[in-house]
> 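Before anything else, here's the structure in question.
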Amino acid sequence: MIPDDFTYFAPNSLPAVWELLQRYEGDAKILAGGQSLIPLMKLRLASPAYLIDLRNVPGLTALEEQDGSLVLGAMVRETALEHTPLIQQRYPGIHEASAVVADPLVRNFATIGGNVAHADPANDHPAMLLALHAQVTLQGSRGARTMALDDFLVDTMETALQGDEVLTDIRVPRPLPHTGSAYVKLERKVGDYAIAAVGVMVTLDNGVCSQAGIGLTNVGATAIRAKQAESFLIGKQPDEATIREAARLASEAADPTSDLHGPADYKRSMVRTLTTRALRLAVQRAQAGEADTAGGGQ
Ligand SMILES: Cc1cc2nc3c(=O)[nH]c(=O)nc-3n(C[C@H](O)[C@H](O)[C@H](O)COP(=O)(O)OP(=O)(O)OC[C@H]3O[C@@H](n4cnc5c(N)ncnc54)[C@H](O)[C@@H]3O)c2cc1C
């Protein structure tokens with residue numbers, strides 16, 4: 001339970017981070033909240049010789065709406081997402097995902113950037129952010145690039161980050177009027193990783209679904225976007241029959257494995273149930289027009 005020796009750096013600019021990543025290429029790891037990386041190091045499943053802590057790098061803690069998007073700096077802590085009124089009121093799915101990450105001690109340190117960059121299919125944010133059609137910004141010495149989260153998540157614990165790139169922020173399109181979101185998780189006990197979980201977003205236009213997003217947690221190699229279920233919802237009134245069929249399609253998108261938590265068929269069936277619940281909740285929220293409250297306020 002004691003990590004191998006390592007050298008610790010806490011640079012105070014992104015160029016300094018890039019320089020260290022280049023200098024120690026292959027031997028260095030970025031450290032954010034440390035809530036995934038440090039346990040791996042203690043178990044000696046990871047033994048980076050150099051740790052580059054982002055805590056002193058300015059500009060990574062934005063938590064605000066800007067130019068039509070919610071901007072979440074990579075170093076925004078779970079506890080901030082959980083307690084900020086803007087998130088609670090206008091992005092309830094993100095709020096619900098944060099509130100079920102581990103326990104308050106972990107949430108005080110853990111960051112949204114680390115949760116996404118770790119690319120663990122059991123992490124809660126990727127699926128919710130897929131449902132919200134999020135984009136990520138990567139910055140390295142050769143410039144910045146933006147991509148859909150779908151393209152960033154390549155495989156289990158594998159992302160599109162290259163060379164000296166750092167994930168600097170996550171952008172979520174500002175919700176249109178009559179948009180609702182929800183995140184529903186099945187866990188064995190409070191604080192556990194999900195057996196399965198589902199994040200959902202719907203926008204209603206005159207009672208008809210004009211936009212939909214569905215993301216699945218821990219039922220495949222990465223968080224999964226249930227695209228057929230999303231397409232099925234578009235142009236339909238989200239009545240109970242429609243919700244149930246969308247949930248069935250979402251369960252078909254799941255690709256779980258059998259393990260100590262249960263057989264694959266059980267998990268697929270849970271995805272169906274969780275999608276039904278998440279869609280009902282998101283539709284209720286969209287009908288209440290909660291995303292209309294422009295600004296939200298912090
Ligand atoms: C007891 C326990 C229970 C947990 N339960 C849950 C749970 O239920 N749900 C859940 O979602 N998570 C859970 N977690 C994981 C937790 O949320 C982690 O904090 C999160 O997965 C990683 O965030 P971090 O900021 O701690 O990242 P770190 O651990 O610091 O980093 C994780 C990885 O991401 C890389 N990285 C971090 N930030 C960046 C960046 N900006 N750019 C590029 N690479 C980066 C690091 O190099 C490392 O490889 C749990 C953790 C613990 C200890």
> What's the separation between atom CG in Leu138 and atom CD in Gln162, rounded to the nearest 0.5 Å?
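Interatomic distance, Leu138 CG to Gln162 CD, rounded to 0.5 Å: 9.0 Å.
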
> What is the distance from atom CG of Leu130 to atom CZ of Phe152, rounded to the nearest 0.5 Å?
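CZ of Phe152 is found 11.5 Å from CG of Leu130.
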
> Within a strict 4.5 Å, meaning less than it, do heavy atoms of the Pro11 and Ile52 side chains meet?
yes

> Check whether any side-chain heavy atom of Tyr193 sits under 4.5 Å from a side-chain heavy atom of Glu187, and report yes or no.
no

> Report yes or no: does Thr84 contribute a side-chain atom to a donor-acceptor pair with the main-chain N or O of Ile87 at less than 3.5 Å?
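Checking the backbone N and O of Ile87 against the side chain of Thr84, no donor-acceptor pair under 3.5 Å is found.
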
> More than 12 heavy atoms of other residues, nucleotides or ligands under 6.0 Å from CG of Asp155: yes or no?
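Atom CG in Asp155 is packed in, count exceeds 12.
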
> Return yes if a side-chain donor-acceptor contact under 3.5 Å exists between Thr168 and Gln139, otherwise no.
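Checked: Thr168/Gln139 side chains pair up, N/O donor to acceptor below 3.5 Å.
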
> For Arg142, does the CZ atom sit with more than 12 other heavy atoms under 6.0 Å from it, leaving out its own atoms?
no

> Would you name the heavy atoms of Ala254 and Val271 that are closest together and state the gap between them?
CB-CG2, 4.1 Å

> To the nearest 0.5 Å, tell me how far Leu249 CG sits from Leu233 CG.
8.5 Å

> Looking only at the side chains, is there a donor atom on one of Arg107 and His83 sitting less than 3.5 Å from an acceptor on the other?
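Note: Arg107 and His83 side chains miss the donor-acceptor criterion.
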
> So if you build clusters from Ile, Leu, Val, Met, Phe, Trp, Tyr with side-chain heavy-atom gaps below 4.5 Å, do Ile170 and Val57 land together?
no

> Find out if a path of hydrophobic residues (ILVMFWY) with successive side-chain heavy-atom gaps under 4.5 Å connects Val100 to Leu132.
yes

> Just checking Ile2: does its CD1 atom have more than 12 heavy atoms from other residues, nucleotides or ligands closer to it than 6.0 angstrom?
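Open.
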
> Do Leu129 and Val116 make a side-chain contact, defined as non-hydrogen atoms from C-beta onward lying under 4.5 Å apart?
yes

> Under the salt bridge (Lys or Arg N to Asp or Glu O under 4.0 Å) criterion, do Arg90 and Glu65 qualify, and how do the steps go?
CA-CA 10 Å; Arg90 287 172 56 74; Glu65 288 182 328; 3.0 Å; yes

> Run His125 and Ser98 through side-chain contact (heavy atoms from CB on, under 4.5 Å) and show every step you take.
CA-CA 7 Å; His125 283 292; Ser98 296; 3.2 Å; yes

> Quick one: does Ile30's side chain get under 4.5 Å of Val166's, heavy atoms only?
yes

> Decide salt bridge (Lys or Arg N to Asp or Glu O under 4.0 Å) for Arg268 and Asp255; before the verdict, give the C-alpha distance in whole Å, the side-chain angles of both, and the deciding distance to 0.1 Å.
CA-CA 8 Å; Arg268 217 175 273 114; Asp255 185 22; 5.1 Å; no

> Going by an N to O cut-off under 4.0 Å, is there a salt bridge joining Asp67 and Arg174?
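Between Arg174 and Asp67 there is no salt bridge, as every charged N stays at least 4.0 Å from the carboxylate O atoms.
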
> Looking at every non-hydrogen atom in both residues, tell me the closest pair between Ala229 and Ile214 and how far apart they are.
CB-CD1, 3.7 Å

> With Lys185 as the cation and Tyr183 as the aromatic partner, state whether NZ or CZ is under 6.0 Å from the six-membered ring centre and within 45° of the axis.
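Output no; distance or angle outside limits.
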
> Any chance NZ of Lys236 has more than 12 other-residue heavy atoms, nucleotides or ligands included, within less than 6.0 Å?
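Above 12, so yes.
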
> Less than 4.0 Å between a side-chain N and a carboxylate O, is that true for Arg285 and Glu96?
yes

> Does the side chain of Phe6 reach to within under 4.5 Å of the side chain of Tyr50, using non-hydrogen atoms?
no

> Please tell me whether Leu161 and Leu149 are part of a single hydrophobic cluster in this structure, the criterion being side-chain heavy atoms less than 4.5 Å apart.
yes

> Can you find a side-chain donor-acceptor pair between Ser141 and Asp164 that sits under 3.5 Å?
yes

> Quick one: closest heavy-atom pair of Ala278 and Ala182, and the distance?
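Answer, listing the atom of Ala278 first, then Ala182: O-CB, 3.7 Å.
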
> Sequence neighbours left out, what passes ring-ring contact (aromatic ring centres under 6.0 Å, His included) with Tyr266? Give chain and number order.
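Scan of Tyr266 (ring-ring contact (aromatic ring centres under 6.0 Å, His included), adjacent residues dropped) gives none.
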
> For Asp120 and Ala122, indicate whether the former's side chain and the latter's backbone hold a donor-acceptor pair under 3.5 Å.
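Yes, because the side chain of Asp120 sits within donor-acceptor range (under 3.5 Å) of the backbone of Ala122.
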
> I need the minimum non-hydrogen distance between Val202 and Cys209, along with the two atoms involved.
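Between these two residues, the closest heavy atoms are CG1-SG, 4.1 Å.
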
> With side-chain contact (heavy atoms from CB on, under 4.5 Å) as the criterion, how do Phe232 and Ile234 come out once you've worked through the C-alpha distance, each side chain's angles and the decisive distance to 0.1 Å?
CA-CA 6 Å; Phe232 175 77; Ile234 304 298; over 6 Å; no

> Got Pro126 and Asn115 here, is their nearest side-chain heavy-atom distance under 4.5 Å?
yes

> Working to the nearest 0.5 angstrom, can you tell me the gap between Thr61 OG1 and Met75 CE?
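So the OG1 of Thr61 and the CE of Met75 are separated by 9.0 Å.
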
> Taking NZ, NE, NH1 and NH2 as the nitrogens, is one of them in Glu230 or Lys227 under 4.0 Å from a carboxylate oxygen of the other?
no

> May I ask you to check whether over 12 heavy atoms, not counting those of Glu240, lie within 6.0 Å of atom CD?
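Above 12, so yes.
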
> Answer yes or no: are there more than 12 heavy-atom neighbours, outside Tyr24 itself, under 6.0 Å from its atom OH?
yes

> At what distance, to the nearest 0.5 angstrom, does CG of Asp150 lie from CD1 of Ile224?
12.0 Å

> Grouping I, L, V, M, F, W and Y whenever their side-chain heavy atoms are under 4.5 Å apart, do Met201 and Leu279 come out in a common cluster?
no

> Answer yes or no: is there a donor N or O on one side and an acceptor on the other, between the side chain of Thr242 and the main chain of Gln237, under 3.5 Å?
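Here the side-chain-to-backbone pair exists.
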
> Tell me, please, which residues at least two apart from Glu78 pass salt bridge (Lys or Arg N to Asp or Glu O under 4.0 Å).
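Glu78: no salt bridge (Lys or Arg N to Asp or Glu O under 4.0 Å) contacts found.
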
> Are Leu81 and Leu63 side-chain neighbours, meaning at least one heavy-atom pair lies under 4.5 Å?
yes

> If the threshold is 4.0 Å, N to carboxylate O, is there a salt bridge linking Lys267 and Asp265?
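A salt bridge is absent here (no side-chain N lies under 4.0 Å from a carboxylate O).
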
> Who passes side-chain hydrogen bond (donor to acceptor under 3.5 Å, both in side chains) against Arg23, sequence neighbours left out?
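Here the qualifying residues are Glu19.
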
> Can you confirm whether more than 12 heavy atoms, excluding those of Asp5, are under 6.0 Å from its CG atom?
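Counting other residues, nucleotides and ligands, CG of Asp5 stays at 12 neighbours or fewer.
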
> Give me the atom names and distance for the closest heavy-atom approach of Asp124 to Ala194.
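Closest heavy-atom pair between Asp124 and Ala194: OD1-CB, 4.3 Å.
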
> Between Leu21 and Val17, is a side-chain contact (heavy atoms from CB on, under 4.5 Å) present by the stated rule, with each step listed?
CA-CA 6 Å; Leu21 284 170; Val17 173; 3.9 Å; yes

> Give the intermediate values and the outcome of side-chain contact (heavy atoms from CB on, under 4.5 Å) for residues Asp205 and His178.
CA-CA 7 Å; Asp205 187 357; His178 298 286; over 6 Å; no

> For atom CD of Gln228, decide whether the heavy atoms of other residues, nucleotides or ligands shown that lie under 6.0 angstrom number more than 12.
no

> Just checking, is any N or O donor in the side chain of Asp53 or Tyr8 under 3.5 Å from an acceptor N or O on the other one?
yes

> Side-chain heavy atoms nearer than 4.5 Å, only ILVMFWY residues, links allowed to pass through others: does that put Leu70 and Val136 together?
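Linked within one cluster.
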
> How many angstroms lie between CG in Asp27 and CG in Leu20, if you round to the nearest 0.5 Å?
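Output value for this atom pair is 12.5 Å.
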
> Please determine whether a side-chain nitrogen of the Lys or Arg among Arg77 and Glu82 lies less than 4.0 Å from a carboxylate oxygen of the Asp or Glu.
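The answer is no: the pair does not qualify as a salt bridge.
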
> How far apart are the closest heavy atoms of Thr217 and Pro121, and which atoms are they?
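Reported closest heavy-atom pair: CG2-O, 3.4 Å.
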
> Can you check whether Arg244 reaches Arg272 side chain to side chain, under 4.5 Å on heavy atoms?
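Arg244 does not reach Arg272 side chain to side chain.
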
